[in-house]
Amino acid sequence: MTLLGSSPPRPDGAAKVDGTLRYANDLPAQGIWHGATLRSPYPHARIRRLLWHPERAPAGAVCVTAGDLPGPNGVQLLDDEWPLLAANFVHHVGEPVAVVAASTRLAARQALKAIEVDYEPLEPTLDLSTAGRQEPLYSLELKSGEAEQELERAHLLVEGTYRTGHQEHIYIECQVMSAGWEADGTLVVEGSMQCPYFVHRSLVHALPLESDKVVVRATPVGGGFGGKEDFPSVIALHAALLARACGHPVRIAYDRHEDIVGTTKRHPSMVTHRVGVDAEGRLQAMEIDVVLDGGAYRTLSPVVLSRAVLHAAGPYRCPNVHIRGRVLRTNTPPNGAFRGFGAPQVQFAMERQMDRIGRRLGFDPLEIRLRNVLEEGDRLPTGQQMDESCSARLCLEKAVQETDFKERWQRLETQRIARGDGDSAHGIGLSLYFHGAGFTGNGERVLQSVIEGALLEDGRVEVRTAAVEMGQGCDTVFPLMAAEASGLLPADVVLAAPDTSRVPDSGPSVASRTSMVVGSEVAYVVREIRDRVLAWWSDHQKDGSGYTVEGGLVRGENGKGRPFREVSSRYFEAMEPLVISRQHEPPEWQVFDEETYQGVAYPTYAFGADVVEVEVDPDTLEVSPTKVTAVCEVGRVLHEKLCIGQVEGGTLQAVAWGLMEEVKLEAGRYLNDRLATYIIPTIRDSPEMEVHLLERPWKGGAFGAKGVGELPMDGGAPAAVSAVENATGIEVDAIPATPERLLALSSARRWVPSEPKDPQGDRGAKR
Amino acid sequence: MKAFAPRSLEETLLRLGEHPDLRPLAGCTDLMVSEPEDRLDLPGVLDLQRVSELRGFRWRGETLEIGAVTAFSEIRDSPDVRQSFPALAEAASKIGGWQIQNRASLGGNMANASPAGDSLPVLLVLDAQIVLVGPEGKRTVPYRDFHVGYRQTALGPGEIIGWVQLPRPPQGATQFFRKVGTREAQAISKVVVALLASVSDDLITEYRLAAGSVAEIPLRLTEVEEAMVGRAAKADVADLAGHLAAHAVRPIDDVRSTAEYRRFALAQVVRRMTLQLVS
Ligand SMILES: Cc1cc2nc3c(=O)[nH]c(=O)nc-3n(C[C@H](O)[C@H](O)[C@H](O)COP(=O)(O)OP(=O)(O)OC[C@H]3O[C@@H](n4cnc5c(N)ncnc54)[C@H](O)[C@@H]3O)c2cc1C
């Protein structure tokens, strides 16, 4: 019997449900001081003067400003351009200008009032149209064939500009970090984060410290979605600086309001397509211009842009492609990592563009996609050739077969025109998408992830990785993968807590890489330990070799089974400590040229197709998604329930990004910086979901699994908007497709009440 | 901070007499989401939830009296309300979600005086009266006169809302309620509309229309009402009603919606209700 693909309960499940699990802000706060942050009210200003008046603050309160830093004023991510605290200038509303600590949360908030700042407001750059005049934060280019020339020769040229907005992560647990200094000068930081070694690196860089003087522990994480990839480094630095200043451990816990105001979001985008097709609707040439709004600082934007450029042409075949990408700087809060990492933005544009091309040529959304779908043997614009695990057509066909898409889309097109007054409008929409698995380009090679396994005294195997359980399920899946590979029981495997003093750097928990990359090495080290134990056991048995492990039992040629743990604990007693350390090596054929953007950007791709059905209120243009059918091909399903959970959650997040989630800005300030006004779906807004998981294993490892965390974020928005178009005839190029936007776009305004003429004459004649 | 939890109306009035600046509280669903600093600055609180006189339903002749601390879940489920004031039951069922309905009170909705309060347009079209009580005594005011400006009410110092009185609606009148929110549940209204109207002998004989989130206070749209009463009950009056409604209001652009959309949605909803009335 295979364990993989079954759905054993998650080990962290019960404590999450009954509330006994301790998150970062639930940990004992005895003796802890509390931090608070003073933020810029201006999108762009010079700081003329910054004064701390301790006499006006609660007793003992401390304040740290850019002038007090012991090292470089930069948060080390790809580079250290992002300041910890603003020095001389502020570049966005909400930018930290100073941090304070006091003995209670309330006293810390009061201490903020003891800081006097004199700003000289400067002209801000607030939107992408004006930001383009400045030097971009980062730019990229990807070319194959002769797009410019071929565009001119094409039968039909179709153009479109597509926009997407910010998205806020709304993890349930807001950002929390505590920091304390031990007597020997060691800094210990613990809190909610996806990437302990990212936080570690930024502390070592800015404080500056020897790397063995910094210990970072990830507490159980209540959701991340990328939002705890970059920002925890900032808040960890603030807490560490305050702890040093006041001589107490310091905790900074953002409430929801501050979390929305102060942390990174999904990059808004503007993507322009110029696409040439032949009379049969086949893509001949594409020119795509991708612009991302980076906000005030670079953060992780270059790698977000890289993924965006690499996904911009979608899972389609086209011989001539030219993609240009830029991240522009604006005086808005910096944007960063968010599930999908640039791919949802560009695939929204690509999918809308496919629908548009279809309409121009008279093909329905299915037909235009079938004529261009990427297949085995086809090449991406990077030159990478698709192998047998390319499943775009499979997903598309499954999705339409499950939903009777073609028939229904056509029927609803006709009904739209014939609909009576007061009938709700129904629509159905389709999207096809893909997602490169793991780190982009040579990322995995650069990372040199290390995974460790060690035999414990009780005979279990401890696996040491820096992977963080944030709801996605790695603590459930790692033991399953290890058991599948080794014949041990999942319970024979224990996972070390992600603590940089105890686990090696197995890389960040991002990019859908945790099961695929870290998980496969977990399986490797556990199998390796089993082999060593078995070899030793065989040597010490009279009948010699021939021992195997299955179902947690060690068996000889014809002997009866004996628990592995019993054997391995004897090994532990008799032998030297057994520790296996393994460095991940990407397949040697995964070579990518960062200069030309040619080569293998991702070792494999997961594919998906969504069909979204909507109902539009005939009076108010309110859109309700009623059903989503999501087909995801993920290589290999490791845990069925968790995998379906990823697809459902990601799809809902995507549909909501397409229909309702909207960060509204005024003069660079977020207007809806609370859960009462930043609207995410409740269960009542959630469509019925039907998920179909398909498997076309890739050959590189992880039992064929390709990564599933981000894939479902790519398809929901374009499919939902396509359904709205099918229902209403309104062509939506920008999301979210709120009723306000639909109203602004429905030029015919055929639902607006008629002119102010009195149908029954004047009042005197009314009887 | 002082905190009192009186068990009777008498005790309540005594406390208010001693400390007229006590902040009354009921379900706290508005109070507890305000800024922490604002809550901490309160001189004291007076919990009305245990005052039995202020909770529940009683008929006094042809008038239903509802205690101010009565929760929306009680209103939603009350057979009396469902039977005689279905628009109020409907509004109660659309406030927040179940958790909020279990705590949030009718009196809190009125006293909080948000222009978006969902029960408020319904109370307006039901011609509600409210009984205000305080150390000085009791007075009854028409609910239409309760909201005097943006988030300002007719409540005097030390005064609380005691009861709401709803006269039984005219025979044969139909009630309509529609909330256009930011989502299906836990949503604040972009526009909320209530209509109570009657048709007899093919004429519109009664037409009371009110809307929320379209001006600084919840409004009775008297211009529309006057234009509708006496008209022939034909489908074409619906367009006129919608149009007049859109012109009778002063909506704004804010974080939840736009002025343009609010006018549009109001017009559409009024049109639809009127169509249903006359068809
Ligand atoms: C998640 C959420 C969703 C919500 N959704 C909606 C919604 O859909 N529609 C809607 O209309 N509202 C909504 N609200 C707002 C709120 O629930 C309502 O306004 C509710 O009716 C307030 O009642 P309460 O008893 O909780 O008032 P409280 O918070 O206890 O009090 C509110 C105010 O009224 C005063 N007050 C209370 N009772 C009296 C009295 N008897 N006399 C004088 N003053 C009094 C208090 O001093 C305070 O100023 C929502 C709130 C939340 C938190």
Side-chain angles (χ1 to χ4, degrees), chain A residues 105-106 109-110 113 255-257 421-422 617-624 656 659-666 670-686 738-744 746 749 751-767, chain B residues 33 35-37 40 96-98 178-188 190-191 202-204 226-232 234-247 253-276 279:
Chain A
R105 262 177 86 91
L106 190 66
R109 284 175 77 128
Q110 283 161 349
K113 298 187 183 122
D255 63 14
R256 181 65 65 184
H257 172 57
D421 182 14
D617 186 290
D619 292 323
T620 61
L621 298 172
E622 291 166 287
V623 179
S624 314
L659 296 179
M660 59 162 55
E661 289 190 36
E662 181 172 27
V663 173
K664 299 178 187 181
L665 283 132
E666 188 180 81
Y670 297 142
L671 288 180
N672 50 339
D673 48 13
R674 304 173 181 266
L675 279 180
T677 48
Y678 182 76
I679 302 300
I680 59 167
T682 68
I683 190 68
R684 294 275 312 277
D685 303 277
S686 306
T738 57
E740 287 79 3
R741 175 164 270 139
L742 295 178
L743 175 64
S746 56
R749 297 281 184 92
W751 293 339
V752 178
S754 63
E755 285 308 297
K757 71 177 193 307
D758 185 338
Q760 292 174 14
D762 66 4
R763 294 213 74 198
K766 70 188 175 188
R767 274 156 220 256
Chain B
V33 294
E35 286 294 325
E37 271 83 359
L40 292 166
W98 287 348
R178 173 76 194 262
K179 167 176 180 170
V180 181
T182 47
R183 63 186 154 204
E184 290 291 323
Q186 301 293 24
I188 302 300
K190 294 174 178 177
V191 170
D202 290 331
L203 286 183
I204 297 176
E226 282 164 17
M228 286 297 116
V229 173
R231 276 190 197 267
K234 296 205 208 119
D236 56 5
V237 296
D239 282 1
L240 177 66
H243 175 78
L244 290 175
H247 287 262
D253 284 343
D254 69 8
V255 65
R256 294 199 173 84
S257 189
T258 60
E260 178 189 61
Y261 179 76
R262 288 185 158 111
R263 264 187 221 284
F264 163 79
L266 173 69
Q268 295 285 76
V269 167
V270 169
R271 173 178 176 272
R272 181 68 52 204
M273 288 175 173
T274 311
L275 268 181
Q276 283 165 3
S279 62

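Quick caveat: nothing in here was measured; it's all calculated off a predicted structure. Residue numbers begin at 1 in each chain, while the letters A, B, ... track the order of the sequences.
- Between K190(B) and P739(A), the closest heavy-atom pair is NZ-CG, 3.9 Å.
- For R674(A), the side chain to side chain contact (heavy atoms under 4.5 Å, CB included) partners are H257(A), T677(A), E35(B), not counting sequence neighbours.
- Looking at every heavy atom in both residues, R684(A) comes nearest to A185(B) through CG-CB, 4.1 Å.
- The shortest side-chain heavy-atom distance between S624(A) and E184(B) falls under the 4.5 Å cut-off.
- The side chain to side chain donor-acceptor pair (under 3.5 Å) with R272(B) is formed by just one residue from the set D619(A), T620(A), D617(A); it is D619(A).
- Within the 4.5 angstrom heavy-atom criterion, only side-chain atoms of L275(B), from C-beta onward, approach chain A.
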Step-by-step side chain to side chain contact (heavy atoms under 4.5 Å, CB included) determination, R183(B) to I680(A): CA-CA 8 Å; R183(B) 63 186 154 204; I680(A) 59 167; 4.1 Å; yes

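- From E662(A), atom CD reaches atom OG1 of T182(B) across 12.0 Å, with rounding to the nearest 0.5 Å.
- The CD atom of Q186(B) sits 13.0 Å away from atom CD1 of I683(A), with the distance rounded to the nearest 0.5 Å.
- With a 4.5 angstrom heavy-atom cutoff, R178(B) touches chain A only via side-chain atoms.
- Contact check for Q268(B) versus P618(A): no side-chain heavy atoms found under the 4.5 Å cut-off.
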Verdict with supporting geometry, T258(B) and E740(A), side chain to side chain donor-acceptor pair (under 3.5 Å): CA-CA 7 Å; T258(B) 60; E740(A) 287 79 3; 5.2 Å; no

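- Ranked by heavy-atom pairs under 4.5 Å with chain B, the list T738(A), D421(A), N672(A), T682(A) is led by D421(A).
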